[in-house]
Undergrad: 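The structure's right below; bear with me while I get my questions together.
Remember, predicted model here, so these are calculated numbers, not experimental data. Note that ligands are numbered from 1 as they come in the structure, with each ligand's atoms numbered from 1 the same way.
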Amino acid sequence: MQRQWKTRRTIGLILIIISAYLFIKVSNYEHKASVFLYNVHPNEPWEFVADFSNMKYLNPTIINFSITAESGNYNHWNYSTEYSEKLSHWPYLPNQAVAHFQIKANHEDNIYFIHSIHKTCMFMNLYCLYSESVFKFSKSNRTNGAQCEETIHYQCPVFLKPFCQREVLHQRHLIMDNLKKKFTK
Ligand SMILES: *[C@@H]1O[C@H](CO)[C@@H](O)[C@H](O)[C@H]1NC(C)=O
Ligand SMILES: *[C@@H]1O[C@H](CO)[C@@H](O)[C@H](O)[C@H]1NC(C)=O
Ligand SMILES: *[C@@H]1O[C@H](CO)[C@@H](O)[C@H](O)[C@H]1NC(C)=O
């Protein structure tokens, strides 16, 4: 009896260590997405995306948010936000995120940036992952319109890679699609 119990305990311990290891071993991944908006000046989608209250329209996985800090002026401003999101491929696990945004404009070259760093936590903030996004809006040199490109670097536990990829792909696709809908005149 005694030995059986010990074996069970050892197996339990090994399983805990393996699952901890699976979650701790994170890797960095990249995703790029873009959309072209005809007959739109790049500062229009830039202003729209920079306003976090429009993010709920662009990305319906965001449930609610609050702005926690703000500073700067029209050409360079920063804000921080806390938001909750419901992952579309894992709706049972709402997670909390904190994000810091930097919004910059270069009016001479008609290039506009939204840079953001996100810390997304789950399991009552015990487990957090980081991601970084650079959203660039520039004036097309050939066709009248705005080229909108986003590059995201995100962390994901290696064993959940397919899940993270699907989630990021789904969200970013929605955002670009909704942006296109919003600015189709
Ligand atoms: C915005 O944040 C960056 C990085 O934290 C900082 O270097 C910059 O001075 C801030 N700008 C404004 C306008 O608050
Ligand atoms: C969003 O709503 C949930 C549930 O009502 C709440 O627990 C959470 O604190 C809210 N998040 C923010 C950023 O307001
Ligand atoms: C337009 O041309 C400028 C100068 O050559 C370049 O820096 C910019 O990236 C080009 N814009 C696009 C959208 O290709």
Undergrad: Start with the C-alpha gap between E150 and R172, add the side-chain angles, then the distance that decides, and say whether salt bridge (charged side-chain N to carboxylate O under 4.0 Å, His left out) holds.
TA: CA-CA 9 Å; E150 189 186 26; R172 281 18 245 181; 3.0 Å; yes
Undergrad: Checking H31 against Q165: is there a side-chain donor and acceptor pair closer than 3.5 Å?
TA: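 There is no such pair between these side chains.
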Undergrad: For ligand 1, list the protein residues that place a heavy atom within a distance below 4.0 Å of one of its atoms, sorted by chain and number.
TA: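 Within 4.0 Å of ligand 1, the protein residues are S71, G72, H76, N78, Q102.
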Undergrad: Using only heavy-atom distances, determine whether the side chains of S116 and H118 contain a donor-acceptor pair under 3.5 Å.
TA: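 There is such a pair (donor and acceptor under 3.5 Å, judged by atom type) between the side chains of S116 and H118.
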Undergrad: In terms of relative ring orientation, are F137 and F135 parallel, tilted or perpendicular, with 30° and 60° separating the classes?
TA: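 Because their plane-to-plane angle is under 30°, the rings of F137 and F135 count as parallel.
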Undergrad: For the ring-ring contact (aromatic ring centres under 6.0 Å, His included) test, which of F65, Y57, W77 pairs with F52?
TA: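 That would be F65.
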Undergrad: Any side-chain donor paired with an acceptor under 3.5 Å for Q102 and H76?
TA: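 Yes - a donor-acceptor pair under 3.5 Å links their side chains.
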